[in-house]
2 protein chains.
Amino acid sequence: MARRNDHSREQIQQMAITAAIGILNEEGPGQLSTRKVASAIGYTVGTLYLVFRNLDELLLHVNAATLDELHSAIRSALANQHTPVEQLKAIAFSYLEFARHQYARWSLLYSHQLQNGEQAPAWFNDKVNALFGLVEIPLKTVKPDMSHKDLVCATRVLWSGVHGACELALNNKLRLGDEVSADVLIHSMIDNYLAGLACEQVTA
Amino acid sequence: MARRNDHSREQIQQMAITAAIGILNEEGPGQLSTRKVASAIGYTVGTLYLVFRNLDELLLHVNAATLDELHSAIRSALANQHTPVEQLKAIAFSYLEFARHQYARWSLLYSHQLQNGEQAPAWFNDKVNALFGLVEIPLKTVKPDMSHKDLVCATRVLWSGVHGACELALNNKLRLGDEVSADVLIHSMIDNYLAGLACEQVTA
DNA sequence: CCATAATTCTGAACAGTGTTTAATTATAGT
DNA sequence: ACTATAATTAAACACTGTTCAGAATTATGG
């Protein structure tokens, strides 16, 4: 059999992405394979390679969908907060919550590396930049006299700091006792880093 | 052929670990396989499974060796620093340098997850704790009135913060411009977090 | 309406992976 | 010397990502 023409290429693409996300959520990253995705959408592997260059490209689209969901999760968490510090914490904790509840997809965001030194496409990088933008807005309110360079720097410090705490805490790599949790780490990180920025302001 | 008895189990174990490190350094994590390690030491896969339970256990030993090297790299960087803040920065920057120069092994430290929810053995966790201990010493000098809980917390915040900055910067996930680098992020992170801790002290 | 061209899709193949196990061989003990 | 024991291999199993010849269907042109 061949030439069913049941779905367009775009439809098959979207079906594959959805199926991959399903497998990721229900069976974990180790169980995701091209054959499994293909059979989940009622096709064979060959068809998958007609629609994606390789598995890497499929995963890139899965990651794009994840970035979109993370973006809207953060935006809705942001809606109820008014002071900039509360906003920054809302971002951090919705990030942590997302990592906890969508662990497989969240970790794929970082574990997935493009091969052969290929660059992610621009539309993908735009999604990443949009996320950093969400942090930059309240940060600029906290310290309006910041240069652009300092704003970029502070944004990345907060992002990678919170990310590192999430990653290591959720992977049990921090040898935390009962007293300290990821939440405590993030509170301390944000409070003290922002306090540090404020101190500088006084002495400058 | 069989029963050569050329090496003891411990020798084969050590040869395999060394060979795995070599492959990791020269060909990258994607090229590491049981057959390759086995042939590099002049044996077949079966012998490897006589000496390690599985590939996971071999990688655990590779990681243990990496932790040891990281420990001694930090200790030698620490030797020339005298003020606690300089010591904390020396730790952070030798961590960054280690990540840059031993990237494959450094990332294996975090990407390698034991399967089936198995726990790392105690002797491995001791090595991790020893690293955190290196941070705790100068941190306690900076702020001697800290509770144990606060010390554990601050240590992990600094560690995961610096780690997150290294990971994301080295993986090009931060969309940094030309102005900002991993070094700048780490300086900002440590300076402001410590300044934040100091501010608290005044107001408390 | 029919022949031909173009496309979709499959199924099998390839080279690789981790892991297990039967069989073989060299050594050690009696 | 003979046997029991331990070391080692080679082959197998079930999987992986990827490619590709060919089959089957649709679309096109005369």
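Every chain is numbered from 1 and lettered A, B, ... according to where its sequence line falls, protein lines coming before strand lines. In this text, all values refer to a predicted model and were calculated from it rather than measured experimentally.
Taking side-chain N and O atoms only, B/Arg53 has no distance below 4.0 Å to OP1 or OP2 of C/dT19. Applying the 4.0 Å criterion to OP1 and OP2 of D/dT9, one finds that B/Thr47 has a side-chain N or O inside that range.
The A/Leu50 side chain lies nearest to C/dC9 when the options are C/dT19, C/dC9, D/dT18. Checking C/dT8, C/dT19, D/dT18 against the side-chain heavy atoms of A/Arg9 singles out C/dT8 as nearest. For B/Asn5, taking side-chain heavy atoms from C-beta onward, the closest of the listed nucleotides C/dG11, C/dT27, C/dT19 is C/dT27.
The neighbour count for A/Lys149 NZ, taken as heavy atoms of other residues, nucleotides or ligands under 6.0 Å away, does not exceed 12.
No donor-acceptor distance shorter than 3.5 angstrom exists from the side chain of A/His112 to the backbone of A/Leu108, with no hydrogens or angles considered. A/Gln11 places a side-chain N or O within donor-acceptor distance of the main-chain N or O of A/Ser8, the cut-off being under 3.5 Å. No donor-acceptor pair closer than 3.5 Å links the side chain of B/Glu86 to the backbone N or O of B/Gln81.
Atom CZ of B/Phe52 is separated from atom P of C/dG18 by 14 Å (rounded to the nearest Å). Rounded to whole Å, the distance from CG on B/Leu55 to P on D/dC15 is 19 Å. A/Tyr49 has its OH atom 15 Å from the C1' atom of C/dG11, to the nearest Å. Whole-Å rounding puts the A/Ile23 CD1 to D/dT16 P distance at 10 Å. Atom P of nucleotide D/dT25 and atom NE2 of A/His7 are separated by 17 Å, given to the nearest angstrom. Atom-to-atom, CD of A/Glu57 to C1' of D/dT18 comes out at 14 Å; the value is rounded to the nearest Å. In this structure, B/Leu58 places its CG atom 14 Å from P of C/dT17, rounding to the nearest Å.
Here B/Asp56 lies out of heavy-atom contact (under 4.0 Å) with every strand. Within 4.0 Å (heavy atoms only), A/Leu48 reaches no atom of the nucleic acid at all.
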**Asked** For A/Lys143 and A/Asp150, what are the C-alpha separation, side-chain angles and deciding distance, and is it a salt bridge (charged side-chain N to carboxylate O under 4.0 Å, His left out)?
**Response** CA-CA 10 Å; A/Lys143 203 156 185 282; A/Asp150 287 346; over 6 Å; no
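Both cation-pi conditions hold for A/Arg156 and A/Phe132: the charged atom is under 6.0 angstrom from the six-membered ring centre and inside a 45 degree cone around its axis.
Separation of the B/Phe124 and B/His61 ring centroids does not fall under the 6.0 Å cut-off.
Listed by residue number, B/Ser33, B/Thr34, B/Arg35 are the residues of residues 33-43 of chain B with a heavy-atom contact under 4.0 Å to DNA chain C.
Take the nearest nucleotide of DNA chain D for B/Asp6 and for A/Val45: the residue whose nucleotide is more 5' is B/Asp6.
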